[in-house]
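In what follows, every heavy atom counts, from backbone to side chain, and hydrogens, waters and symmetry copies are set aside. Bear in mind that the values here come from a model prediction, so they are computed numbers and not experimental data. For this chain, numbers begin at 1 and follow the sequence in order.
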Amino acid sequence: MMRTGKPRPSGRKGGHYAGSMKTEHYAALIAIFAILVMGAMLAIGLLYPKGLVQSRKAVAISATGSSSAIPGMGTVSIYANATGDTAAAAAANLSTTLARLNSTLLGYANAGNITTMYYSIGIMRNTSTYVATEGVRAIINDANSMTEVLRSLSSHENVYVQNAGTMLSNSQASRLLHKALQNALKNATAQAEALTGNATLTAVNITTTNYRVYAPISLGAAATGLASPAPSGQLFFNGNESIVESVQVVFTYS
């Protein structure tokens, strides 16, 4: 029996053409990728002539730096007492003394900077008299007024100055600490450069500590003209205070 009708296309020709297109597409992608890889390798060679993975060396340095200034504020520690036939009388008399003392101090210090350090009341040994005592510490706003403060305090009965000194203001301390740290890091970097032949350094670890040094003006400095002559009747002599910063720095280099 004979079959009639047109023969169906086998599809081989069309399939072969589609396969060729896919092969050419993959070949083009591979060629582009190879070009990119070669370009990246060339760039790495130019940027890292010694190789991408370079061994890093390390050096640890200890150094110090300091910064100093004449403190702008003063401090004074005061002892006051009063007596009475009874504990209440001694406390009342001390209260009167402290009121006069606080009035004087408020002319030179903020109220928040006048603090009680201790207070006690008891019977004096081998007597029937009660004595009340209080210790006061005041931070004086201006160190230049310390002589005037001491003169004013000396006019009060039963008030005694235990010690007087100076202190850096918060702004002074902040500036000096920053400057001292800068100087310490500068000194550490200079040492590291000297040890590594001026290599390019990277600080990877920094540890810091600091302390203060008070240096009163000496008689030698005054005699050689390094200090200005003291005014007549001056009771307080100021000096420099320094903040010293110590650093330990680990630098890496190649």
Side-chain angles (χ1 to χ4, degrees), residues 37-77 112-113 115 117 137-144 146 163-228 230 236-254:
V37 171
M38 292 177 64
M41 293 178 64
L42 179 61
I44 292 173
L46 293 175
L47 294 174
Y48 303 96
K50 296 182 180 180
L52 183 60
V53 180
Q54 302 179 37
S55 60
R56 301 285 293 179
K57 301 177 183 178
V59 59
I61 300 293
S62 296
T64 60
S66 65
S67 186
S68 62
I70 295 177
M73 305 179 75
T75 62
V76 60
S77 296
N113 287 334
T115 56
M117 305 304 294
R137 182 176 185 266
I139 298 175
I140 308 303
N141 295 329
D142 184 0
N144 293 324
M146 285 297 292
N163 60 68
T166 57
M167 64 179 291
L168 297 170
S169 66
N170 289 336
S171 59
Q172 279 185 307
S174 178
R175 289 196 302 269
L176 293 184
L177 186 61
H178 180 70
K179 185 63 176 178
L181 180 57
Q182 284 185 324
N183 292 337
L185 290 175
K186 183 178 179 180
N187 293 337
T189 302
Q191 292 181 50
E193 288 175 344
L195 291 173
T196 61
N198 292 322
T200 300
L201 303 169
T202 300
V204 296
N205 187 34
I206 301 175
T207 304
T208 67
T209 56
N210 65 76
Y211 58 92
R212 299 187 182 188
V213 178
Y214 179 72
I217 297 175
S218 64
L219 293 177
T224 56
L226 296 179
S228 58
F236 185 83
F237 300 88
N238 202 353
N240 284 336
E241 185 167 347
S242 299
I243 292 182
V244 180
E245 187 80 32
S246 298
V247 296
Q248 290 185 330
V249 188
V250 176
F251 295 97
T252 60
Y253 64 100
S254 57

(request) To the nearest 0.5 Å, tell me how far Thr200 OG1 sits from Glu193 CD. (result) 9.0 Å
(message) With rounding to the nearest 0.5 angstrom, report the CG to CG distance, Asn210 to Leu181.
(response) 9.0 Å
(request) Could you grab the distance from atom CG of Asn187 to atom OG of Ser246, nearest 0.5 Å is fine? (result) 11.0 Å
(request) With the side chain counted from C-beta on, respond yes when Glu245 and Asn183 share a heavy-atom pair under 4.5 Å apart, and no when they do not. (result) no
Without placing hydrogens or testing angles, list every side-chain donor-acceptor pair under 3.5 Å for residues 58-70, not counting sequence neighbours.
none

(message) Check this for me: Asn170, atom CG, are more than 12 non-hydrogen atoms of other residues, nucleotides or ligands nearer than 6.0 Å?
(response) no
(request) List the steps, then state whether side-chain hydrogen bond (donor to acceptor under 3.5 Å, both in side chains) holds for Ser77 with Arg137. (result) CA-CA 4 Å; Ser77 296; Arg137 182 176 185 266; 4.7 Å; no
(request) Heavy atoms only: give me the nearest Ile243-Ala173 pair and the separation to one decimal. (result) CD1-O, 3.7 Å
(request) Find the distance between CG (Asn113) and CD1 (Ile140) and round it off to the nearest 0.5 Å. (result) 8.5 Å
(message) I need the Met73 CE to Asp142 CG distance, nearest 0.5 Å.
(response) 9.0 Å
(message) Applying side-chain hydrogen bond (donor to acceptor under 3.5 Å, both in side chains), can you list everything that pairs with Thr189, at least two apart in sequence or on another chain?
(response) none
(request) Determine the minimum heavy-atom distance between Gly165 and Met146, stating which atoms define it. (result) O-CE, 3.9 Å
(message) Can you tell me how far apart CZ (Arg56) and OG1 (Thr202) are? Round to the nearest 0.5 Å.
(response) 5.0 Å
(request) Check Phe251 against Ala188 and note the closest heavy-atom contact, atom names and distance. (result) CE1-O, 3.9 Å
(request) Name all pairs fulfilling the salt bridge (Lys or Arg N to Asp or Glu O under 4.0 Å) condition that reach into residues 196-213, sequence neighbours left out, sorted by first residue then second. (result) Arg212-Glu241
(request) Heavy atoms only: give me the nearest Pro71-Ala143 pair and the separation to one decimal. (result) O-CB, 3.6 Å
(request) Might you point out which heavy atoms bring Thr75 and Met167 nearest each other, and give the distance in Å? (result) CG2-SD, 3.6 Å
